[in-house]
Amino acid sequence: MAKFNFIGVACVTLLYVVHYEKYYCEAEDLKKCYIDMIYQLGDSLSDTGNYIRESKSGGESAYAKLPYGETFFNKPTGRCSNGRLIIDYLAAASGLAFINPYKNREADFKNGDNFATAGATALPTQLLQSKNISSPITTTSLDVQLDLMFTHFNSICLTDCIQLLKNSLFMVGEIGMNDYSYALLQGKSIQDTTNLVSDVVYAIQKAINKVIEFGAVRIVVPGILPLGCLPALLTRFETKDSKSYDKFQCLNYLNNLSQYHNSELQKAIQEVKKQNPNVTILYGDYYHAYTVILRNASHLKFDVKSLQKACCGIGGAYNYESNKTCRARGVHACPQPSSYYVSWDGINLTEEAYANIAQSLIADILPKLNCKP
């Protein structure tokens with residue numbers, strides 16, 4: 001189980017890449033912000049059960065079966081990990097129950113709603129197809145998720161939606177990783193993939209504006225993870241050229257793509273903030289939080305020899321094969337995934353990794369939300 005607790009009073013030290021220490025007291029969590037609902041858009045990093053409910057193929061996918069969900073829930077929930085996700089920790093820090101997936105129409109949505117869907121892209125599937133890029137898992141891209149959100153609000157906002165949502169937190173992403181991963185894995189060059197960034201960021205920028213139209217006044221927009229550190233992409237683009245890797249043995253050019261996306265996304269956020277001075281819009285630095293894990297792996301109890309290996313996988317330098325992924329015949333999860341591994345299945349992360357990213361995120365955004373004690 002992930003070692004993450006907001007109830008205690010002890011302070012934990014977060015070691016930042018910029019070489020200073022920032023202290024975050026677990027007693028000072030998001031409860032002081034009086035967040036009463038959380039609304040989530042995104043992909044598998046945030047999906048709490050939409051994909052397994054949207055189609056027969058989703059219901060028969062690995063995400064609907066053990067060992068997914070084995071660590072905390074002791075059963076599959078549709079989360080693409082062994083346990084909880086960042087959104088689960090954000091909800092807990094806010095004093096809320098888990099945010100249910102929109103596709104579970106029998107669920108309780110008094111604490112918000114989660115529209116994130118595994119495999120989702122920021123760009124509409126039709127636009128990707130026009131660029132000869134297929135979205136092989138789902139068609140529930142960001143624009144579709146926004147349509148579902150609009151439908152949801154129409155059903156609950158009987159009078160004033162702005163008043164209803166005044167204490168809500170909106171998570172617009174993480175999303176965009178799949179756009180780039182699909183392009184790369186389907187043979188697009190790094191330059192062609194980099195050319196997608198402006199469209200992807202613009203799609204996210206439009207989504208920010210749309211949720212503001214819905215009534216959002218507190219928004220977090222996460223950037224993407226370092227693509228060059230993911231076992232699936234490390235396996236696909238493995239090279240003998242040592243200069244292609246950084247000190248963490250991640251592929252430089254793929255991480256450069258992530259950094260470019262994140263830089264452009266932050267510029268887009270600033271543009272929206274200028275147009276909406278009364279709305280709090282914060283960048284969520286998932287990239288930095290991930291590198292904090294790599295930089296302090298031993299201190300955080302991760303196995304430094306397994307940082308780029310999938311817990312649930314088989315074969316090769318990264319314990320990952322694209323044709324024998326997690327839950328395929330002969331593929332088993334590692335004995336203690338949350339204690340040692342960052343990557344769960346080569347694409348998605350372990351509960352422990354998500355716990356650390358969530359903790360970094362909260363430490364970063366809490367002062368900026370201007371919450372009253």
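Bear in mind that the values here come from a model prediction, so they are computed numbers and not experimental data.
- In this structure, cysteines C229 and C250 have SG atoms closer than 2.5 angstrom.
- Taking the six-membered ring wherever Trp is involved, the centroid distance between the rings of F98 and F73 falls below 6.0 Å.
- Other residues, nucleotides and ligands contribute more than 12 heavy atoms inside 6.0 Å of the CD1 atom of I156.
- Here the two rings, on Y39 and F153, have centers that are under 6.0 Å apart.
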Salt bridge (Lys or Arg N to Asp or Glu O under 4.0 Å) evaluation trace for K31 with D29: CA-CA 6 Å; K31 293 186 182 71; D29 55 37; 3.1 Å; yes
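- Side-chain contact between N167 and M37 is absent, with no heavy-atom pair separated by less than 4.5 Å.
- For D88 and Y354, the side-chain atoms include no donor-acceptor pair closer than 3.5 Å.
- Under the salt bridge (charged side-chain N to carboxylate O under 4.0 Å, His left out) criterion, no residue pair touches residues 46-61, with sequence neighbours excluded.
- Looking only at atom types and distance, the side chain of S258 has no donor-acceptor partner in the side chain of N255 under 3.5 Å away.
- Counting heavy atoms from C-beta outward, L41 and V211 have side chains that approach closer than 4.5 Å.
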Stepwise salt bridge (Lys or Arg N to Asp or Glu O under 4.0 Å) check, E271 with K274: CA-CA 5 Å; E271 289 181 14; K274 288 179 183 178; over 6 Å; no
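- Scored by the side-chain hydrogen bond (donor to acceptor under 3.5 Å, both in side chains) test, S198 finds no partners at all (sequence neighbours excluded).
- Residue Y320 shares its hydrophobic cluster (ILVMFWY side chains chained together at separations under 4.5 Å) with I347.
- Side-chain contact check for S181 versus L233: some heavy-atom pair is nearer than 4.5 Å.
- Every residue meeting the side-chain hydrogen bond (donor to acceptor under 3.5 Å, both in side chains) condition with D143, not counting sequence neighbours, appears here in chain and number order: S141.
- Applying the side-chain hydrogen bond (donor to acceptor under 3.5 Å, both in side chains) rule to Q186 yields the partners S134; only residues at least two apart in sequence or on another chain are considered.
- For the pair N252 and S244, the minimum side-chain heavy-atom distance is 4.5 Å or more.
- Side-chain contact between D303 and Y341: absent, with no pair of heavy atoms (C-beta onward) separated by less than 4.5 Å.
- Donor-acceptor pairing under 3.5 Å is lacking for the side chains of T121 and N178.
- Just one of H261, E174, Q259 meets the side chain to side chain donor-acceptor pair (under 3.5 Å) condition when paired with Y287; it is Q259.
- Residues T77 and R79 bring a donor and an acceptor atom of their side chains to less than 3.5 Å of each other.
- Applying the side-chain hydrogen bond (donor to acceptor under 3.5 Å, both in side chains) criterion to N74, with sequence neighbours excluded, gives no partner residue.
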